[in-house]
Each structure stands twice: as C-alpha cells, then as structure tokens.
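This report concerns only the one structure given below.
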Amino acid sequence: MLDAHYNPKLVEKGKYDFWKEEGYFTAKECEKPKFSMVIPPPNVTGMLHLGHAWDTTIQDITARYKKAKGFDVLWLPGMDHAGIATQAKVEERLKNEGITRYQLGRENFVKKVWEWKDEYAATIHDQWKMLGLSLDYTRERFTLDEGLNRAVNEVFVSLYEKGLIYRGERIINWDPKLKTALSNIEVLHQDDPGTFYYFRYLLEDGGFLSVATTRPETMFGDVCVVVNPKDERYTSYIGKKVMNPANHEWIPILGDDYVDMEFGTGAMKCTPAHDPNDFLIAKRHHLSMPIILNDDASMNERCSVYQGMDRYECREKLVKQIEKEGNLLKTEAIVHNVGHSERSGEVVEPMLKKQWFVKMTPLAKAALKNQKSEGKVEFLPERFEKIYENWMENCEDWCISRQLWWGHPIPAYYHKKTGEVVVSKNNPGEDYVQDEDVLDTWFSSALWPFSTLGWPEKTKDLERYFPLDIMITAYDIIFFWVSRMMFQSIEFQNVAPFKKCLIHGLIRDSEGKKMSKSSKNGVDPRAVIEKYGVDALRYFLTTSTSPGMDIRYSEEKIQAAENYLNKIWNAARFILLNCEGKEISKEIGKNLGVMERYILSRFQKCVENVTYNMEKYEFANASTHLYNFIYDDFTSWYLELSKVTLKGEDEKKKADVRGVCLYILKGIILMIYPYTPFIAEEIYQALPEHKKSIMLESYPEKEIQYVDENAEHIVEDLKDMIRDVRTFKVEHQLTPNQEVKLKLRQKDLSFDELMPYLKRFSFAKEIEIEKENIDGAKIYRYFDLWIEENVNIEEQKKLLEKEIEKMNQEIKRSEGMLQNTNFLSKAPKEKIESEKKKYAEYMKKKEAYTEQWKRLK
RNA sequence: GGGCAUUUAGCUCAGCUGGGAGAGCAUCUGUUUGACGUACAGAAGGUCGGCGGUUCGAUCCCGUCAGUGCCCACCA
C-alpha cells in the first residue's frame, strides 16, 4: 500500500537503476515502427543547468510517450568535447596551479583535458540519472571518440576534394585571450561606449584632411585614406598623398564607392589587415596589408615605440602624442557596436590570417532547396523555419580552424620542404607534418545525427534509425547547430537529418533575466530536486509555457506541481484503500450507475484531448487537460460522489465503482507518466494487477463505447444543484454542514438515482419532491429547489434580481444576434443553432428566477 | 538599419482556424465531512496596451502608434 504521504525521495529511489538494468531504455530492432532522436550533446565543461534539464525533459517525455504508443524508441546520448570552452576551463584550472599549457606541452595538456572530460562526464551521467532520462546508454557517443573522428575526417577530406573546403588568407575574428580564430557566430556584438577621434592628416601641398576613427592604434597598419569618388569635397584630392599622423608616413588618397559620404568626415582611413571592409578595398586596389598586432593583441614591431604595448594602452598614448603634435582635431563620445568573443568575452580583433574555411554558398543553396521540397524539415513552432532560412541565405564562409590543442586534428599535411599540402585521412609519410590546428567544435557536432549511428560505416543502426524523427533544442543554437546539421546531412546523406525540429525557449530567472554565471542568478537543478523531487521539477519545466517561448523560473510553480502530484498520490491511495481485499468488477461498462457512466465518459474526452496535444508536442496543453480532469471531474466530484455508493450496501455497485476507479486511475497515471515517471511507476506498482514496470504499458486509447452524453448532462445538473445549495449557505452565513430541508419540483428529469447524492452533498435532512407548485416563501433558484431555512427574504430577492439582471443581459446579447438578418443569413448554421439553444436556456432561467422572485412576499 | 516575438485578473501565463474572458499562485470568507489542510467549499478581481479599419459580430484578422524582450547586420 502507498504511504500516507507522498515523499518524492522515497518514490524516486532505485527506480532509475531498475529501468536501466531491465534494458527498458535500449532500442531494439523489432516489429515495432521506430522513433529516433539524439540528445543535443552537452559540453563537458561543467554542471548541467535548468536549461539542460528543460531540454532533456522534453525529450524524455517524447521518448516515453512514443514508447507507450508502441514505437521502438531510440534516444541516443552523448557529450560534446566543446573545444574552446573546455580548453579554456582546463587552462584556468592549470593557472590556479601556476602552470600554463605551454609548460605542459601539447601531449600532456591534452591528457589533462581527457582527465577533465572523464570527471565531468561522470557528473553529467549523475545528472541525467537524477532527471530520469530514458537514454540508451548502450549507444552513448562522444564527439571526440574514434568513430566520430573517422566521420570528421571523411567529411573534411570529401569536402576538400569537392572544393568546398579551402585554406585561405582572409580577415578572421581573433580572440586575443584564447589566441584562436573564431567563426562569425562565435562573436557577440554589443553596444559599447567608445570615442570617435578626429585627426588632422596633412596634405603634401598644404592644408589637411580630417579623418575619424575609433581605433587609432590601427593607424600603424594604414595604407591609404579613402574617399568616395562622387564626393565633390574630395575629388580633387584623389591621387595625392597625406601624412599618417601616427607614424608620419605618406600614404595615398584613393577613391572607392564603399565610402559613405554622409558618415564621419567622408574620408576614411584604411587598415587592410585589421578590418574586413578595408581588406576588400585593399584587394580591389592591390594594396599591401601590413599586420600590426601580435597574437595577444599587443603592438608588433611596426609600431615604433609602442611595440609590445597592449592595444588599449597604445591607443591612449598614441592619441596623446598626436594631440601634442597638434593633429587631434576633436573627440566625440559615441556608442558603437563592438565584437566580443563568445567564450572569453574579450574584444575580438579582426586580423588577416591563414585559416581553413567551408565554402558555404553551395551547401546553403542545397539546404534551402531541400526546405522547398518534400523532404523539408517541419519546424515547431513554424516561425523558426524563417529564422533558419534567413541565416542560410546570408551566411558567409565558415572559418573552421582553431588554434587550440583540444579537438579534432585537421587532416591536412604539409611537406616539410616544399610546403605542399596533402589533405588525407592518413598521414602521407615521414616528410609531412600535420596541420597543428584543430577543427571548430561545431564541425563535429554538425555530423552528430549520423556519425553517432556509425557513419561512415553502413551500420544497421544507421539504416534503421536515420533520419531522426525529431530534433529538440533551444532557439539559441539554431545557427550554431541546427543549420549545420542540415547542410552536412543533406550533403552526405542526401536527406535532412531529422523530420521535425522542435524549438523551445530559454529559462530565465524570476525577474525575467537570462540565467548566467556572471549574474549569479543560476538555479542548480540538484537543489530543486532535493527540495521538491524531480517529478515536480519536470512537471514545472514542461507545462509552464507554450512552444518556442521562454520560461520564467518560479519556485511557487514547482511547489504547485508537487501539490498536484500529492493530489494524485492521495487519490490513488484512496482508491487502493477501497479496493484492498475487496471485490472488483473486471468488466466495467455493463449496467453501471449514472455516476460511473458520467466519469467514464468524461475520461474518454480527457484521453482524446491529451493525446491530441501530445501528438502536436503541445505538452503544456496536454497537461492542462489532464489536470482539469483529475482535479475537477475525478477527485473533486467523482471520488467524492462515489463515497455514496462505497458507504452503501449494494455490493455489486461497490465492485463497479472500484473497477471504474482502477480503470481511470491506471489511465491517469499512464498519461502523467511521461511527465513524472517516478511517481507514476510507484503508483503503477501498487495496482492490484500490473506488469513488471509501467514502461511496459501502452498509452490509454479513447474507448468510444464509454462516451455517454446523457449521463454527463444528468450529472452536470446534479452538480449545479449541489453548487447552488453550497452557494446559498455561504451567502446566508450558514455553515456548510448546516442541515437543510430541500423541496424540489420534479419535472422532466428523473432525479431518483440522484437523490442520495443530493442529500449527502447538501446535508439535507430530507428532500421533498413536489409534483405541483409549492406554496412557500423560501425559494431558491431555477432548479426549483426550495430550501427551508432562515432565509432573509430581502437578501434572497436581491440575489435573484442579480441573477435576473445577468440573464437579461445575456438575452439582450442573444436577441441582438438572432434578430440580425445579416447574422442569420451569413453565420454558419451550427452557430445559429447553438445561439438559439442558448437563448432558450436564458429565457428558461429568467422565467424560473422571476417566478421565484414573485413568490417571495 | 533589418527581422522575430510580446503587451490579457495583483503576479506568472493559457486562450486551438472571429460568436458569451480562463488557470495556477496571491487575496478575502468559511470548513477537525473517515485519500489529501501539500486539502475542501465559496468570493472578489480584467475598458484583453492606445487609435483606426474589415465584419452582422474582433482578445483573435488588417493598418498604425506606444511599451518590453530577443536575434541578425562590415558603417570607419
């Protein structure tokens, strides 16, 4: 028997290991249709946060639901080596020990990172377990494992051979702290305050040009000043020379359409090696491209006395020097967009460097074309498709080489003497050295949907489970990951990697701010689980918002979830207590009482609504339907009403009630099970008849033979009556259990079966049924319910007047519609019919109230 | 500068193709009814951001204005 109180800790204990050991998480080739997904591999950089918990719980619900629906479900787990992020963490740890990675050397450093990886993989496993994720551990992968490395090399070599990967010298984003190149999307742009400096550039034949910049230190790398050839102010200067006030070199004035005449002074300095636009201008005009920064963003040997100085220190000192020389015209405080490294936060420096790139145009084109075909990926919600496409349409070549040690080595080899480049899966020989860089982490993550299934081998798993049925992830990595999985899969598998893509939002703190380490507003899932249990956390995460929207963390809601689970727990306990050792009808549905017919019918509708929403991945809607059924129909009404029978003498009826209760209880816990598997399993195991685990059960199906509209109507009427009596008591300051006398006028409805219920729930001493009009002053409402108690006539009248006024308003509204010829001619038939019905209902009620009002003398 | 989303009860949010405004929490009143006080019964609370338009009818569709949040973008 279930304990008297729901205790999440006791309930959760041992279940995960049980499921895992029984092999319930393992996908098997079998007769069933397959349903496959892969976990977005978490970085091995640290703890999982609430965002992970949310993302994985949605997936777990999906996996468990599909399994219960009869699918052979594969949910493949794994982790990401997270190149930059992990390396940075390990370096930081070493720094605390006073060691740098250079002191360790590459090999030893990488060994240290593997140690780190093992440590954090263990933590992540613990957290997956804590969350109850039904992951197929027999197929777990790591982005840096051997098999995935084969996939990476295969893809790299293939793309290179197709001309879709190239090595080239271009302006890339340089992170001076981590000393590596970054791709465009690893740079976060933010508005920072800055200064716009206006300098005097002396002309060779007298006079000067005013040129403005926010980065004076880059002037050491300037090769010209550019003006728009259409700019009449400057046309005569083109071809002449000006003096760079930083290094006093004479540089030419060129004309180029790129320059915006409206902006600044209309004359722009050009630093080809440190600005993407300047780079393009320099290319057009065949100019030199001097680099002036070292890898740590200090000034290099081209910068005279500033050599070795940090870029900002140089900026400050240089401006002072120029000012001293009388060439600083003015300064202006501005706010401008500055790129920061996503990982280190450092201001990114655009730099001319030789790197490896993926040529995006052909790949993006194919991906976009696929989205217009039958094989398109269905985004949920739909709007994210546009965001994805928009990015695909505008993306630039992807810089994939990183100057790191932790990651997939680039399968490119250089001849020691000739420098010849060989791109190959194997080392071409002793005369060659391998490229020292590694690949962007996302290069390997992009292959995740098929590399984890064994590709490039033709494995059974790949054949059976690919493409995936759904990908579930947050909107902040659509560009990083979703888009890249798409074009790689289309390129190498000729098909999109998944059929659907369910996008969810981000979790925010209770104030609505993004959770982050720096603002220290992060909530540790483990603390929440400790306090409320994982089922409550899972329920909160998956029912608090609609698809695509952010969640605001709310401890109150988690508390509410726990209360809800306690409610289910107690309902189950009540039912089981009443069934223990008693006779239970096996076959329900025959000669049932009206209450049982009612609740069975309501339950079918609940199953229908829940299933409908589960299929659409509308987990919040599905849970709301279930919640309403459980709270209102089942526990607040049916279980209370059923006590009438259970306390009675009729053994057959009692057995029926027990049978119905068990049937519905089982259905309820099967529907709540994907959300809250632990409590569901616990209750399931307590059922008189059950399999070894709830994981072997099937999802409830709607059973049409139990739908009974008539029973629903009858019981709704009864509920109305009971509510009326309750309200009456409150309004007259009677205690709820105050005994009253009821008289009611029997009309078309047969109340006989309802009498015991009405009596018990109204605390009626007696109920008199009048065939005719009743002559009396104590009348209550339209059910023709008379309540003989100390009724304040004036108050009663007022209440009735209020009701009548309400009805009048409804009638007025309804009449307005029904007398409107346009409505009658244009509105759908059903609308008109239902409106007519409503109208009749209002009239009937009004009439009854009015009649009663008249009796109140 | 583009784009996406959002504005509904004190708070957090639902509201499914236009047809009588909902939930949870909070508030107030009452309840030792034998599953649950982590509960039960009731109550109060909203000009659905503003203004136009379409429609017989708009929280819902269109336009516009305003507030909020986010994403993208090479303006020195």
Side-chain angles (χ1 to χ4, degrees), chain A residues 2 4-6 171 185 189 196 211-215 218 226 258-260 262-265 267-271 275-280 336-337 339 350 383-384 386-387 390-391 394 396 475-476 478-479 505-506 508 510 512 514 543-546 548-554 556-557 559-578 612-613 616 618 620-621 624 627-628 631 635-636 639-640 643 647 722-723 726-727 729-731 733-737 760-761 763 809-810 813-814 816-817 820-828 831-832 834-835 838 842:
Chain A
L2 300 176
H5 290 283
Y6 165 52
I171 299 277
I185 47 177
H189 294 274
F196 213 17
V211 177
T213 180
T214 52
R215 297 191 298 159
T218 63
V226 198
Y258 170 77
V259 179
D260 180 353
E262 310 293 318
F263 191 85
T265 63
M268 184 187 94
K269 69 186 219 44
C270 176
T271 323
D275 184 284
N277 293 309
D278 296 4
F279 173 74
L280 294 174
H336 61 153
N337 221 239
R383 66 171 184 274
F384 290 108
K386 257 190 227 151
I387 293 176
N390 194 32
W391 186 81
N394 298 307
E396 292 188 14
Y475 61 69
D476 62 335
I478 292 177
F479 302 147
L506 306 176
R508 299 175 174 281
S510 52
K514 212 167 163 175
T543 61
S544 295
T545 191
S546 45
M549 306 301 284
D550 291 346
I551 285 193
R552 201 178 275 234
Y553 178 76
S554 155
E556 291 76 27
K557 279 197 181 177
Q559 176 71 61
E562 198 194 359
N563 293 351
Y564 174 43
L565 296 179
N566 180 64
K567 185 75 185 173
I568 295 174
W569 178 269
N570 274 291
R573 191 162 172 272
F574 170 73
I575 292 166
L576 295 170
L577 280 170
N578 273 295
Y612 174 76
N613 282 292
K616 292 199 302 179
E618 292 270 5
N621 283 355
T624 302
Y627 180 95
N628 289 339
Y631 255 102
T635 59
S636 292
L639 288 186
E640 292 303 324
K643 288 172 184 170
K647 303 284 174 240
I722 293 170
R723 271 192 287 253
R726 283 173 176 168
T727 309
K729 287 182 180 175
V730 169
E731 283 169 348
Q733 275 117 36
L734 304 175
T735 61
N737 57 356
R760 180 182 163 100
F761 286 83
F763 291 87
Q809 280 177 13
E810 293 297 345
R813 185 191 62 80
S814 200
M817 285 171 82
N820 185 328
T821 50
N822 281 320
F823 173 72
L824 293 173
S825 61
K826 290 179 185 173
K831 256 316 162 232
I832 298 170
S834 78
E835 197 55 44
K838 282 184 199 167
Y842 300 143

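In what follows, every chain begins at residue 1, and chains take the letters A, B, ... in the order their sequences are listed.
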The Watson-Crick or G-U wobble partner of rA43(B), with both key distances under 3.5 Å, is rU27(B)

Of rA35(B), rG24(B), rG19(B), the nucleotide closest to the side chain of Leu639(A) is rA35(B)

Mind checking Pro828(A) for me? I need base, sugar-phosphate or nothing, with any heavy atom below 4.0 Å counting as a touch. base

When rounded to whole Å, the CE to P distance for the pair Met549(A) and rA14(B) reads 6 Å

Atom CG of Asp550(A) and atom P of rC13(B) are separated, to the nearest Å, by 9 Å

_Quick one, Asp275(A) and Arg215(A) - any side-chain contact, counting heavy atoms below 4.5 Å?_
yes

Rounded to whole Å, CG of Asp476(A) lies from P of rC72(B) at a distance of 10 Å

Does OP1 or OP2 of rA39(B) have a side-chain N or O of Asn563(A) closer than 4.0 Å?
yes

Scanning all shown strands, the Watson-Crick or wobble mate of rC4(B) with both distances under 3.5 Å is rG69(B)

Here the distance between atom P of rC25(B) and atom CD of Glu562(A), to the nearest Å, is 14 Å

*When we call it a touch if two heavy atoms are under 4.0 Å apart, what does Lys386(A) touch: a base, just sugar-phosphate, or nothing?*
nothing

Result for 5'-nearest mapping on RNA chain B, choosing between Glu810(A) and Ile185(A), is Glu810(A)

Applying the 3.5 Å cut-off to both distances, the Watson-Crick or G-U partner of rA58(B) turns out to be none

If I pick the C1' atom on rC28(B) and the same atom on rG18(B), what distance separates them, to the nearest angstrom? 37 Å

Requested in this report: Tell me what Tyr627(A) touches on the nucleic acid: a base, only sugar-phosphate, or nothing, going by heavy atoms under 4.0 Å.
Outcome: sugar-phosphate

Picking from rG37(B), rC70(B), rC25(B), the nucleotide nearest the side-chain atoms of Glu556(A) would be rC25(B)

**Q.** Exceeds 12 heavy-atom contacts within 6.0 angstrom, atom NZ of Lys386(A)
**A.** no

Asn578(A) atom CG is separated from rA35(B) atom P, nearest whole Å, by 7 Å

Between Ala572(A) and Asn822(A), whichever has its closest RNA chain B nucleotide further toward 5' is Ala572(A)

>> Suppose you measure atom P in rG22(B) against the same atom in rG3(B); what distance do you get, rounded to whole Å?
In response: 37 Å

| Within the side chain of Ser510(A), is there an N or O that forms a donor-acceptor pair under 3.5 Å with the backbone of Tyr553(A)? | no

OP1 or OP2 of rC36(B) less than 4.0 angstrom from a side-chain nitrogen or oxygen of Arg573(A), does that happen here?
no

Item to check | Donor-acceptor contact present, side-chain Thr727(A) to main-chain Arg723(A), <3.5 Å | outcome: yes

Pair Asp550(A)-Tyr475(A), side-chain donor/acceptor within less than 3.5 Å:
yes

(Q) For rG57(B) and Lys831(A) - does any side-chain N or O of the residue sit under 4.0 Å from the phosphate oxygens OP1/OP2? (A) no

- Message: Looking only at side-chain N and O atoms, does Gln559(A) offer a donor or acceptor that is under 3.5 Å from a partner on Asn563(A)?
- Response: yes

In this structure, CG of Asn570(A) is separated from NE2 of His5(A) (nearest 0.5 Å) by 8.0 Å

- Task: Pick the P atom in rC48(B) and in rA58(B), then give their distance to the nearest Å.
- Result: 12 Å

- Query: What integer number of Å spans the P atoms of rU47(B) and rU8(B)?
  - Reply: 12 Å

Phe479(A) meets the ring-ring contact (aromatic ring centres under 6.0 Å, His included) criterion, sequence neighbours left out, with Trp391(A)

query = NA contact type, Ser546(A), heavy-atom cut-off 4.0 Å: base, sugar-phosphate, or nothing?
reply = sugar-phosphate

Which part of the nucleic acid, if any, lies within contact of Met817(A), taking any heavy atom under 4.0 Å across all strands shown: a base, the sugar-phosphate backbone alone, or nothing?
base

**Report entry** Span that lies between the P atom of rU17(B) and that of rA76(B), in whole angstrom
**Finding:** 45 Å

Between CZ of Phe761(A) and C1' of rU31(B) the distance, given in whole Å, is 15 Å

**Report entry** Pi-cation contact, Tyr627(A) with Lys567(A) (under 6.0 Å, within 45°)
**Finding:** no

For rU38(B), the nucleotide meeting Watson-Crick or G-U wobble distances (both under 3.5 Å) is none

Given 3.5 Å as the limit, does a donor-acceptor pair link the side chain of Asn578(A) with the main chain of Phe574(A), or not?
yes

Reading nucleotides 40-46 of chain B from 5' to 3' and marking B where a protein heavy atom lies under 4.0 Å of the base, S where only the sugar-phosphate is that close, and - otherwise, the string is SSS----

When you compare rG69(B) with rU29(B), how far apart are their P atoms, in angstrom units rounded to a whole number?
38 Å

Any strand, both distances under 3.5 Å, Watson-Crick or G-U wobble: rG22(B) pairs with rC13(B)

Enumerate the protein-to-nucleotides 74-76 of chain B contacts in which both atoms are nitrogen or oxygen and the separation is below 3.5 Å.
from, atom 1, to, atom 2, distance (Å)
rC74(B), O2', Asn277(A), ND2, 2.9
rC74(B), N1, Asn277(A), OD1, 3.4
rC74(B), O2, Tyr258(A), OH, 3.3
rC74(B), O2, Asn277(A), OD1, 2.3
rC74(B), O2, Asn277(A), ND2, 2.5
rC74(B), N3, Asn277(A), OD1, 3.2
rC75(B), O2, Asp260(A), OD2, 3.2
rC75(B), N3, Asp260(A), OD2, 3.0
rA76(B), N6, Asp260(A), O, 2.8
rA76(B), N6, Phe263(A), O, 2.8
rA76(B), N1, Asp260(A), N, 3.3

Query raised in the report: On a whole-Å scale, what distance lies between the P atoms belonging to rA23(B) and rG15(B)?
Result: 15 Å

Kindly say if Arg552(A) contacts the phosphate of rU12(B), meaning a side-chain N or O under 4.0 Å from OP1 or OP2. yes

Taking rC70(B), rA35(B), rC36(B) as options, the one with an atom nearest any side-chain atom of Asn566(A) is rC36(B)

Kindly indicate whether the side chain of Lys826(A), heavy atoms from C-beta on, has any atom under 4.5 Å from the side chain of Lys831(A). no

Lys616(A) atom NZ is separated from rC16(B) atom C1', nearest whole Å, by 5 Å

note: Asn737(A), atom CG; rU31(B), atom P; distance rounded to Å ~ 9 Å

Quick check on Tyr612(A): does its OH atom have over 12 non-hydrogen neighbours (other residues, nucleotides or ligands) under 6.0 Å away? no

Using the P atom in both, what is the distance from rC25(B) to rC40(B), to the nearest Å?
9 Å

Item to check | Pair Thr543(A)-Lys557(A), side-chain donor/acceptor within less than 3.5 Å | outcome: no

